[in-house]
Novice: 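My questions will all concern the structure given below.
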Amino acid sequence: MKTARYDNHVRYFFTRYLKKCPEGRRLGIMEPTDIPKAYDPKEWEDRLYRKWEESGFFNPDTCIKKGVTKADAEPFSILMPPPNVTGVLHLGHAMENSIMDVVARYHRMRGERTLFLPGADHAAVATQSRVEKNLVASGMSNPRQELGRERLLEKIRAFADESKDTITKQVRAMGSSCDWSRFAYTFDDARVLAVNTMFKKMYDDGLIYKGYRVVNWSVKGQSTCSDDELEHIERPATLYTFRYSKDFPIPVATTRPETKLGDTAVAVHPEDPRYRDLIGQIFEVEIGAAKPLSIRIIGDEEVDPSFGTGAVGVTPAHSQTDFDIRQRHPEISLVQVIGTDGKMTADAGPTYAGLTALEAREKFIAAIREKGLLEKEEDITQNVGTSDRFGDVIEVVPMEQWFVAVNKEIPGRGKTLKDLMREAVTTGLGGDPEKRTSVQPEQFEKIYLHWIDSLRDWCISRQIWWGHRIPVWYREKSKVESEKSEVSEGEGEAEIYCGMEAPEGEGWEQDPDTLDTWFSSGLWTFSTLGWPDTEADDFKTFHPVTFMQMGSEIVFFWMARMILMTTYTLDTIPFKTVYIHGILRDKDGRKFSKSLGNGIDPIDIGKEYGTDALRLALLSDVTPGNDSRFSTEKMETSRNFVNKLWNISRYIATMSVASDEAPAPKSLSDRFILGRLSQIIHETTGHLSENRFSLASETLRSFTLDDFADWYVEIHKVEKNDTVLRHVFDALLRLWHPFLPFVTEAINETRGDDTSLMIAKWPEFEKTQNISSDENRFKLIKDLIVKIRNIRTVYKIDPKQKLVITAYGGSEKALQDKALDESGVIRDNEEVFKKLARISEVRHTDSRIPPKGTVRIQVGLLYIFLHLDGIIDIDAERARLGKELADAETYAKSLEAKLGNPSFAERAPEAIVTQTRNLLDETNTKVEELSGHLFSISS
RNA sequence: GGUCGCUUAGCUCAGUUGGUUAGAGCACUGCAUUCACAUUGCAGGGGUCGGUGGUUCGAGUCCACCAGCGACCACCA
């Protein structure tokens, strides 16, 4: 990095610092205090986390037992979205943990009964596909075949356990104050019980059914996947228009000619004059399939007559929409020509059977071209669904699978699952506003509702092995006589049983399939709290969950399923507030991904800059719903800030004395800083209560750096009011603690305070009197000092040279004049003024005539004369004042115009009008004074 | 194609319900620095808030249209 500032440092270091600096300092030998000059997170973090964990305060029960939280305190619960046990956590997780932990620590400090519950997700298909990939990479060609179900599961379990360990270590390293004693895993016994209970309940209610329908099939993964697990990608394709035979009346178009071997109908719009008369006719065509196709012409409203040929070749077996058409027209048949192995079936005919779909396509096109049936070929771009886990293009095939019926009426409720899902975010369940989830930001409510509209029955069975086994058993009826069971019904030849455990008796075999991982995730908000025992303490106390956060990409997968499951089984909402954030990108706006190689390990970056810096960098950027970017520059800024806080504490430790006395404000500065503190407590509390993390951190940051470090600490060097200094800093530490748990706790320890900040009381907003009056008066001093410094910079006055000022109105006589009351601030704060503006002498005058050789500096109605005789070029100053005057005049004019507008006075609120009028008065006076001064300025 | 967003300083972004002359961090310029802090301090330059129109006493903020960008949804066969 090469900057002007950096060059300055280098020059300074070699030309002056080395000469002046005693050997010891340069080598970093200890200061008079034993507190290190720089905060070193590595020295603290592990130990502090251990201390917190051992204290037991992560556990809300312990907090009550030890009297930190009142037994009847308001409960506050946060559930960690369980990270997948597929490896290690990434920066996005770090961001989520930061969000949750800020919320948890804030509410805990406010005295609420706070539970932050951690967990991990077995992530069915994600984990299995990861382990299979690893096995293939290490030389196995087909892990499922070579190992078999049990041995492969062993491997996956081992991988998952190791990954779970890594993940919990990482969550700890982030400083997350979660209650490890309640750690939940989506695949442990308690959760298995919950899953089976829920499955059976839905099965009994007829909401889970087994049906023969087309599903998304991953040939590579040899499993189904739900609509939401598809990732649509664009790719070039060819759109072929052809006729089934020479005498077939309608040409049809397709991008997948090979599936046409399974066509059983052509759909046209029922009113289409071109084809109306053909509806109902059946054509026998011979295109190479095992049997000649009988194509029935049907009329369907969904067909758009203006698109293409206005006719759709219907392939019910290999298209979701075509399957839906068949639901409306049961008279047409279904022929499956592609199998689960991705190859053409026997029904596709001897020419094609056994070929891959792609091979069959080429062959089919060649055949119809030869016969002169191909009418048109166009290049188009097409969207195809791919499996988000296995990566291959999804085949749509008809199969018997398990589904959750979302459009079916729930017995006894008169509503469907979809209805409940809508109510939960709109009117509240059953119209009860208490049972309404607040979605932040609101726009996701719309997105979610829109998604529900197009939601189809959810396919929940998977053919992978890693996951909750479907709690259903079958046996051939002929083998054993029907036995007593909770649910059992004859279905043709086989008996079927759904229950918590295998049924008694011989010959039962469990369904080999497992459940979609989101089935168990959907139960997370209550399966972690003791359900199905609805009398469990945690369930009664912490459900519905108070705060939930998640990434926008997971809203449909997860939020929707949690709402579905909870509204259905508990007749309430899963959580009161859900905070949805965007994804974290790298500094160039790209997603973090393995293939780009731009991944950053949160633990590494946390070690380098400190976990607090990482948390601050991540949180100060988070606004609801928006993506944010991560960069090392932001890390540096945050680390520097953390170090600043540390050094403020060093100053306080060495330059002030602790005492039990209440803060005793003595000066304007004291009242100012206490007033400001009050204000920012109020603001920060409001921001955190409403989950405005970036605003909260910004409020604290500007107070800490600007008001406190740059002004009050400097003033303390003069006024030395230790009680106020320490009081403000103490409150500041507590305010920062949720964001920066480690450094604040470390500082707290160096102060010799044994009580953890984690359970310290959140500062209360105290309404102090005259905040604004003190603030305004202090601002006069501040602005005046800044202006004097500015003049010093502009005229390159040696910083060591002290100046003399004459304060107008500082005389006894002037002080009696109420209009000039403000000038009293200089008299009252002379020492501060001398120190911060490097003034050697303050003279007072009640004459408006500038003393010889001075320039005048004005803030509001207060002005002083700065003695610069022989120091600067007075003519240059005249020019500077001229510009200031011009600015003031422009501003005064704009204010006048505003006030001159009759409707402004009429319609604007009183306060705004008064405010504007005062501003104009002030500005006019300033203009007057300045122009007078321009004429009288003299060298 | 549908839906939902985004566009504010060179860069990354704040700006809660419309109200003083629009903010921060980084970057940039100048100065200083044996000072709690070189992971530092002080001062400064830089924006007609994407465009056009509207509502309003008043618009970065509300509305409409336009342009550019993005995300999600969708098998126009």
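Letters go in sequence order (proteins before strands), and every chain restarts at 1.
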Novice: Between B:rC69 and B:rU55, how far apart are the C1' atoms? Round to whole Å, please.
Specialist: 28 Å

Novice: How many Å lie between CG on A:N640 and C1' on B:rU39, as a whole number?
Specialist: 4 Å

Novice: Decide yes or no on side chain to side chain contact (heavy atoms under 4.5 Å, CB included) for A:F833 and A:I788, but give the supporting numbers first.
Specialist: CA-CA 10 Å; A:F833 215 81; A:I788 294 172; 3.9 Å; yes

Novice: What's the CH2-P distance between A:W451 and B:rC72, to the nearest Å?
Specialist: 16 Å

Novice: Mind jotting down which residue pairs meet the salt bridge (Lys or Arg N to Asp or Glu O under 4.0 Å) criterion with at least one end in residues 312-325 of chain A? Sequence neighbours excluded, please.
Specialist: A:D324-A:R456

Novice: Out of B:rA36, B:rA43, B:rC76, which nucleotide sits closest to the side chain of A:M655?
Specialist: B:rA36

Novice: Apply side chain to side chain contact (heavy atoms under 4.5 Å, CB included) to residues A:I233 and A:N383 and explain how you reach the verdict.
Specialist: CA-CA 5 Å; A:I233 56 164; A:N383 274 311; 6.0 Å; no

Novice: Might you work through the ring-ring contact (aromatic ring centres under 6.0 Å, His included) test for A:H716 and A:Y651, ending with a clear yes or no?
Specialist: CA-CA 10 Å; A:H716 174 266; A:Y651 171 81; 5.6 Å; yes

Novice: Remember a base hit wins even if backbone is also touched, and classify A:E442 as base, sugar-phosphate or nothing at under 4.0 Å, heavy atoms.
Specialist: nothing

Novice: A:V642 or A:E714: which one's nearest nucleotide on RNA chain B is closer to the 5' end?
Specialist: A:E714

Novice: How far, in whole Å, is B:rG41 from B:rU33 if one measures between their C1' atoms?
Specialist: 7 Å

Novice: Heavy atoms from C-beta onward define the side chain here; which of B:rC37, B:rA77, B:rU39 lies closest to that of A:R639?
Specialist: B:rU39

Novice: Measure the acute angle between the ring planes of A:W44 and A:W646, then classify it against the limits of 30° and 60° as parallel, tilted or perpendicular.
Specialist: perpendicular

Novice: Separation of A:F557 atom CZ from B:rC72 atom P, in whole Å?
Specialist: 11 Å

Novice: Can you find a donor-acceptor pair, distance only, under 3.5 Å between A:N383 side chain and B:rA74 base?
Specialist: yes

Novice: What pattern of brackets, bars and dots sums up RNA chain B from 5' to 3', given Watson-Crick or G-U wobble pairs under 3.5 Å, [ ] for crossing pairs and | for another strand?
Specialist: (((((((..((((.....[...)))).(((((.......))))).....(((((..]....))))))))))))....

Novice: When all nucleic acid strands are considered with a 4.0 Å heavy-atom cut-off, which category describes A:A267: base, sugar-phosphate, or nothing?
Specialist: nothing

Novice: Between A:F556 and A:F444, does the ring-ring contact (aromatic ring centres under 6.0 Å, His included) criterion hold? Intermediate values first, please.
Specialist: CA-CA 10 Å; A:F556 303 138; A:F444 280 95; 8.6 Å; no

Novice: Of all the choices, B:rA77, B:rA36, B:rG2, which nucleotide is nearest to the side chain of A:N647 once you look at every atom?
Specialist: B:rA36

Novice: Side chain of A:V713: nearest nucleotide among B:rA74, B:rA36, B:rU39?
Specialist: B:rA36

Novice: Using a heavy-atom cut-off of 4.0 Å across all strands, would you classify A:R456 as base, sugar-phosphate, or nothing?
Specialist: sugar-phosphate

Novice: Between A:K796 and B:rC31, is there a side-chain N or O to OP1/OP2 distance below 4.0 Å?
Specialist: no

Novice: Roughly how many Å is it from CD in A:E636 to P in B:rA27, rounded to a whole number?
Specialist: 8 Å

Novice: Need one value for A:T637: base, sugar-phosphate or nothing, where a base atom within 4.0 Å counts as base even if backbone is also close, heavy atoms only.
Specialist: sugar-phosphate

Novice: Consider the side chain of A:K800, meaning its heavy atoms from C-beta on, and name the nucleotide among B:rU33, B:rA43, B:rA36 that approaches it most closely.
Specialist: B:rU33

Novice: For B:rA43 and A:R789 - does any side-chain N or O of the residue sit under 4.0 Å from the phosphate oxygens OP1/OP2?
Specialist: yes

Novice: What interatomic distance, in whole Å, is found between P of B:rU7 and the corresponding atom of B:rU17?
Specialist: 14 Å

Novice: Hey, is A:K634 close enough to A:E636 for a salt bridge, meaning N to O under 4.0 Å?
Specialist: no

Novice: Going by atom types alone, do A:Q382 and A:T255 pair a side-chain donor with an acceptor below 3.5 Å?
Specialist: yes

Novice: When the C1' atoms of B:rA22 and B:rG47 are considered, how many whole Å apart are they?
Specialist: 9 Å

Novice: From CZ of A:F630 over to P of B:rC26, roughly how many Å is that when rounded to an integer?
Specialist: 16 Å

Novice: What's A:F556 touching, base or sugar-phosphate or nothing? Going by heavy atoms closer than 4.0 Å.
Specialist: sugar-phosphate

Novice: Record whether the side chain of A:K644 comes under 3.5 Å of the base of B:rC37 through a donor-acceptor pair of N or O atoms.
Specialist: yes

Novice: Rounded to whole Å, please give me the gap between CD in A:E231 and P in B:rA71.
Specialist: 12 Å

Novice: Check whether any side-chain N or O of A:R615 sits under 3.5 Å from a backbone N or O of A:L740 as a donor-acceptor pair, and report yes or no.
Specialist: no

Novice: Looking at A:R256 and A:E395, is any side-chain nitrogen of the basic one under 4.0 Å from a carboxylate oxygen of the acidic one?
Specialist: yes

Novice: Could you tell me whether A:I648 contacts a base, only the sugar-phosphate backbone, or nothing, with contacts defined as non-hydrogen atoms closer than 4.0 Å?
Specialist: base

Novice: To the nearest Å, how far apart are A:L705 CG and B:rA36 P?
Specialist: 18 Å

Novice: How would you summarise protein contacts on nucleotides 12-23 of chain B per nucleotide, using B for base, S for sugar-phosphate only and - for none, with heavy-atom distances below 4.0 Å?
Specialist: SSS-B--BBB--

Novice: Taking any heavy-atom pair under 4.0 Å as a contact, classify A:N790: base, sugar-phosphate, or nothing.
Specialist: sugar-phosphate

Novice: Is the shortest distance from a Lys or Arg side-chain nitrogen in A:R328 or A:D300 to a carboxylate oxygen in the other one below 4.0 Å?
Specialist: yes

Novice: Measure from the side-chain N and O atoms of A:H581 to the backbone N and O of A:D627, and report whether any donor-acceptor pair falls under 3.5 Å.
Specialist: no

Novice: Can you measure A:D300 atom CG to B:rA77 atom P for me and round it to whole angstrom units?
Specialist: 16 Å

Novice: Pick the nucleotide of RNA chain B nearest each of A:A709 and A:H318; which residue has the one closer to the 5' end?
Specialist: A:A709

Novice: Donor-acceptor check, side chain of A:N647 to backbone of A:N643, threshold 3.5 angstrom: yes or no?
Specialist: yes

Novice: Have a look at A:V913 and say if it touches a base, only the backbone sugar-phosphate, or nothing, with a 4.0 Å heavy-atom cut-off.
Specialist: nothing

Novice: Would you indicate which nucleotide in B:rA36, B:rA74, B:rC31 comes nearest to any side-chain atom of A:H232?
Specialist: B:rA74

Novice: Distance between the C1' atoms of B:rG58 and B:rC42, in whole angstroms?
Specialist: 38 Å

Novice: When the C1' atoms of B:rG30 and B:rA14 are considered, how many whole Å apart are they?
Specialist: 28 Å

Novice: Under 3.5 Å, is there an N or O donor on one side and an acceptor on the other linking the side chain of A:E302 and the base of B:rA77?
Specialist: no

Novice: When the P atoms of B:rC49 and B:rA9 are compared, how many Å lie between them, rounded to an integer?
Specialist: 10 Å

Novice: Taking atom P in both B:rU8 and B:rC62, what distance in whole Å separates the two?
Specialist: 16 Å

